[in-house]
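All remarks here apply to the structure that follows.
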Amino acid sequence: MAISISLTVNGTPVTAEVEPHSLLVQFLRDQLRLTGTHIGCDTAQCGACTVHLNGRAIKSCNMLAVQAEGATITTIEGLATNGTLHPMQEAFRNCHGLQCGFCTPGMVMSATALVQTHPDASEADVRRQLDGNLCRCTGYHNIVKAVLEGAAGMKSASRNASADAAASANVTA
Ligand code: FES
Ligand code: FES
């Protein structure tokens, strides 16, 4: 018997009927057609299915869709704004942090979650965070480089946003 769930996905409120045994990744891909979230193993090993749940990186093959009731989910499709890539996506592109790209959405989601909580993450922190994200192509070197460049880009974007907010507060004061 299907169960109704309500949650927020990439900033949009969603209410849907899901089967009790449906995984969150199946719900995202099959019902919401957010196919940027990949399935590499569905046994919580590869990290290709990583999304943010209430701001934390989680493997969406490792929880049921019904467990996401009331949650805020961000997928790779929710990172870019108005057609502009997120700084972490841009850094993966600049640093050639991908080859086939299958692991990349999960890598980017893990990386952004790390930098949101640890803006000054070191190379060792990045390697630790990406421990649960497997890549069969790149050898990881350029991925780590990309995450460090992406972290710098996120800090700079956040500084610019604060400066813009301060300037607009001065204009309206
Ligand atoms: Fe979820 Fe591999 S598909 S960890
Ligand atoms: Fe191919 Fe990582 S780029 S699996």
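Scope of the values below: all heavy atoms of this structure, side chains included, with no hydrogens, waters or symmetry mates. One is the number of the first residue; the rest follow in order along the sequence. Remember, it's 1-based here, ligands and their atoms both numbered in the order they're listed.
Proximity to G101 (heavy-atom distance under 4.0 Å) selects the following atoms of ligand 2: 1 (Fe), 3 (S). Heavy-atom contacts of C41 reach the following atoms of ligand 1: 2 (Fe), 3 (S), 4 (S) (cutoff under 4.0 Å). Close approach to R136 involves these atoms of ligand 2, each under 4.0 Å from a residue heavy atom: 4 (S). Residue-ligand proximity, A44 to ligand 1, at heavy-atom distances under 4.0 Å covers atoms 4 (S). In summary, the atoms of ligand 1 found under 4.0 Å from a heavy atom of D42, numbered by their order in the structure, are 2 (Fe), 3 (S). Ligand-side atoms of ligand 1 in range of Q45: 4 (S), range being under 4.0 angstrom from any heavy atom.
Looking only at heavy atoms of the protein, atom 3 (S) of ligand 2 is closest to Q99 N, 3.2 Å. Annotation: atom 4 (S) of ligand 1 to nearest protein heavy atom, G47 N, 3.2 Å.
With hydrogens and angles ignored, the 3.5 Å screen pairs no side-chain donor or acceptor of Q89 with any backbone N or O of V108. Side-chain atoms of E77 come within 3.5 Å of backbone N or O of G36 as a donor-acceptor pair. In this structure, H38 contributes its side chain and F102 its backbone to a donor-acceptor pair below 3.5 Å. Formation of a donor-acceptor pair under 3.5 Å by the N94 side chain with backbone atoms of A91 is not found in this model. A donor-acceptor distance shorter than 3.5 angstrom exists from the side chain of N133 to the backbone of G47, with no hydrogens or angles considered. N142 places a side-chain N or O within donor-acceptor distance of the main-chain N or O of C95, the cut-off being under 3.5 Å.
Between atom 1 (Fe) of ligand 1 and C61 there is an N/O/S contact shorter than 2.8 Å. Coordination check, C49 versus atom 1 (Fe) of ligand 1: passed, since an N/O/S atom of the residue sits under 2.8 Å. At a threshold of 2.8 Å, atom 1 (Fe) of ligand 2 has no backbone or side-chain N, O or S atom of C135 nearer than that distance.
Atom NE2 of H52 and atom CG of N10 lie 10.5 Å apart (nearest 0.5 Å).
Paired with K155 under the rule side chain to side chain contact (heavy atoms under 4.5 Å, CB included), one option of D120, V115, N160 passes, and it is D120.
The parts of C46 lying near ligand 1 are both backbone and side chain, judged by heavy-atom distances below 4.0 Å.
Checked for salt-bridge contact, R128 and D125 meet the test: a charged N lies under 4.0 Å from a carboxylate O.
Selection from C103, G40, G106 by nearest heavy atom to atom 2 (Fe) of ligand 2 gives C103.
The SG atom of C100 and the SG atom of C137 subtend an angle of 100° at atom 1 (Fe) of ligand 2, given to the nearest 10 degrees.
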